[in-house]
Amino acid sequence: MTEAAWRRCGVAVALAAALLGLRYGVRAADHQEAAPPAAVHLVQAERLQQALQAAPMSVPAQLDGLPAGPWPRVSLPQVHPADAAAPAPGVTSWYRFTVPDQALSAGSTAVLYVPRCHACLVLSVYVDGTLATTTLGRSSHLHFNDPLWLNRLPASPGASSHELVLRLDAATRSGSALSTLWVGPGTTLYPGYELRRLLQRGVPAATSAAFLLLGLFSGVVWLRRRTESGYLLFFAMSLLYWLRCLHYYVDFGEMPPGLIVVTNWITVNALGWMMAVAYLFSLRLHGRRQPRIEWPLFGLLLAAAVLTALGALGELGQGGLIPFARNGVYPAFLTAAVGLTVLSSHAAWRARSADAGWVAASLWLNIALGAHDLLLQRWLIDVEGVYLLPLGGVAMCSVFGAVIWRRYVEALRGVEQANEHLEQRLAQREQELQASFAQLREVQHRQVLDNERQRLMREMHDGLGATLMSSLVAVQGGQMGAAAVEAMLRESVDELKIAIDSLDPAGNDVLVLLGTLRYRLAPRLEAAGLTLHWQVNDLPALPWLTPADALHVLRIVQEVLTNIIKHAAATEVTVHTEAAATAAVLHIHDNGRGLAAGSARPAGGRGLQNMRHRAAQLGATLHIESPAGAGTRVTLTLPLQRAAAGD
Amino acid sequence: MVEATTPAATRVALVEDDLRFRTAFVAAITRAADLLLQAEVGTLREGLALLQQPAADVLLTDLGLPDGSGIELIRAARQAWPRCEVLVVTVFGDESHVIQAIQAGAAGYLLKDSSPEHFVEQIRGVRAGGSPISPLIARQLLLRFQGAAPPAAPRPAAPDEAAADMLSPRETEVLGYIAKGFTFDEVARLLALSRHTVLTYVRRIYGKLEVGSKTEAMHEARKLGLLRD
């Protein structure tokens, strides 16, 4: 959709919302008029403190009279800090309130809402002497993070005011705390209660679960890409955060004591481990290891783990671990965190890394929130505050997640870019390759042409050139008559024609070449009075025969025939081919003079040399026999398979 | 050899630009009793003009004329003088030129360096229905006809048109022997035919080549829509 369309949609939605809001707001306001009286906020109480009764503890269902003694007025919230050195095992605090009737007159919808009520042993609530609720027997303590919401207050009907009594039994070394109270209709108090519950329990639960899922994904990614430790660290962070947040919303009441202790141990140490993971993560971002910091850090974590374990084991049960954590471990973690964060910030600044900067910022946030929480936990600040560290955890996980996400997306983009780049380079290479192939082809082409030229030149030189040259010399020397000149010219023309023929040497068909040779030489053979017996049969295929080789064969035969014409003084010539087992054989037989030793052969030696050279090139054998009185027999044997991969 | 007892002497027309050759040729024809020189010209234009006049029996033309290719003249002569046999005069007798000429309608070729007697003999031979051929040309023809053996598109052809695509087995044999270098006499002996028959075989093969090329040209023209069916 276009931007204009989106805008129009937005305007429409806003209008609708405004109308609805108007309508329901008016209705709510109306309701307010007719609403029951607002809730009563009890900020003052009368308190009595006495020593804790000896075990076993009992909470009577009916209060028959409150303990005597001074009931000084105290203002809430009221904190009784932990005191490990106190002699008495515990303190019971009684808080007495007078609640006007209209607050409770809403009947069954009246509710007692205590934002924070921390009594490590037992909490009991009496209304008009009747026990409304008690934590004795149900759980060791009300979950420290859970506000109290008590409905069905057993108020005596008909009275104008009611007496509300809270009894807190606490061990001295854990202390107790009580915030202000609210009594009133459930509908009025519910939003506040719900909001508090959300912030104190809902947020940690939901965010830690969400991040754990992301972390699992990240962890699985790491399994495949072990080199990217960031993914593992994110997984570790999310897991530790989830473990830490268990603290805030899991009700340990029903769990066996051993499990409670283990869980407590994990959740306390998780804080320290989160710190270590954050440090490692930011280290990855600015990339410099600092062993001088790392060893003490790990030592601290180890010490904390061991000591808390010992503490837990030593005091299996209520509160042994938590006070130790509160007083010793958490402050130590906080201090270490401050130190680490200072270093991280410094390193991030030095490396000018935006990512490391964000991590450092979230660490600072966590430190601030951690300090707040520590103070809250020790009840040094308003106990009605909310533990904020989960939010810090959210910030931390978000920063981590963002860094990882960016890396991930960049990695993907890097792959795309690499692919593009690769394609470009490939195209370039292809072009280059094609260009070089074209060049190569050209070079080969030129080479082939060059070879042809060379061959032609050789042919001309050997045949036509030689004839013309020698005849020129002869004519210049006045040794040639007109008829001889004519014969010579004719020979030259034949030679020329044979040379032309050789340009397209009939593939490698030796027979056609022989036929063409005969065709060219026939007039001269006739003129020389020679009868040619052409007994040419089909020759087997010679797979190794190239056109150049075929020409060698032709030239050998030509040489032989020319010699016969010129020097043999023969009358019959037979050209005969046959196929032997391993060779193709060519015979040329004449009935002339023969090659008697010492017979004068002008330029004959060279011709013979040429023939032998050509035969050698072919890898064929050439036999020349001249039995006395039986003319000359020339045999050329061409093997069916050529052994050497020669020329 | 046909004796010159035919009613009229063979009329020969010559188109050749080389003066020396012309002179020698004219002398040879004059010497032969059964040949009559009807005309001799030196350019393509003059040759084409010659075709307007009464036909000769044999036309000799050079391929490389100063103002054009002799091929054109051959085609024109086949139209203007249908019963005249055209011989091409070529220096080397190389197959590309010869086959081109035959496709255009020549009945044969003459080598320029032949002796005058040889000329006369060839002219007489052509008149008698034969055609000269060389081993290389024979090989080329074999390749061409073998390569074109299955027709490209099945078209309804008259019997003689269909035969133009292929050689008969006898014709293939003849060409095969010639390609191996056997003379006409030897081929005749090997195939138990007369020399004259062998020569007419060659002429027939040439005719097929001409028809084949003409049919191909017509087919192409039809495909391009230049001819109407």
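Labels below follow one simple rule: chain letters A, B, ... track the order of the sequence lines, proteins then strands, and each chain is numbered from 1.
- Heavy-atom proximity under 4.5 angstrom to chain A picks out B:Tyr109, B:Leu111 from residues 97-111 of chain B.
- Proximity to chain A is absent for every atom of B:Leu190, based on heavy atoms less than 4.5 angstrom apart.
- Counting heavy atoms of neighbouring residues, nucleotides and ligands inside a 6.0 Å radius, atom CD of B:Glu72 does not exceed 12 of them.
- Distance CD/B:Glu186 to CG/A:Leu532: 7.0 Å, rounded to 0.5 Å.
- For A:His613, the NE2 atom sits in a loose shell: 12 or fewer heavy atoms of surrounding residues, nucleotides or ligands are nearer than 6.0 Å.
- Put simply, the side chain of A:Trp534 never gets that close to the backbone of B:Thr183: no donor and acceptor are under 3.5 Å apart.
- Taking 4.5 Å as the heavy-atom cut-off, the residues of residues 514-528 of chain A that approach chain B are A:Gly515, A:Thr516, A:Arg518, A:Tyr519, A:Arg520, ordered by number.
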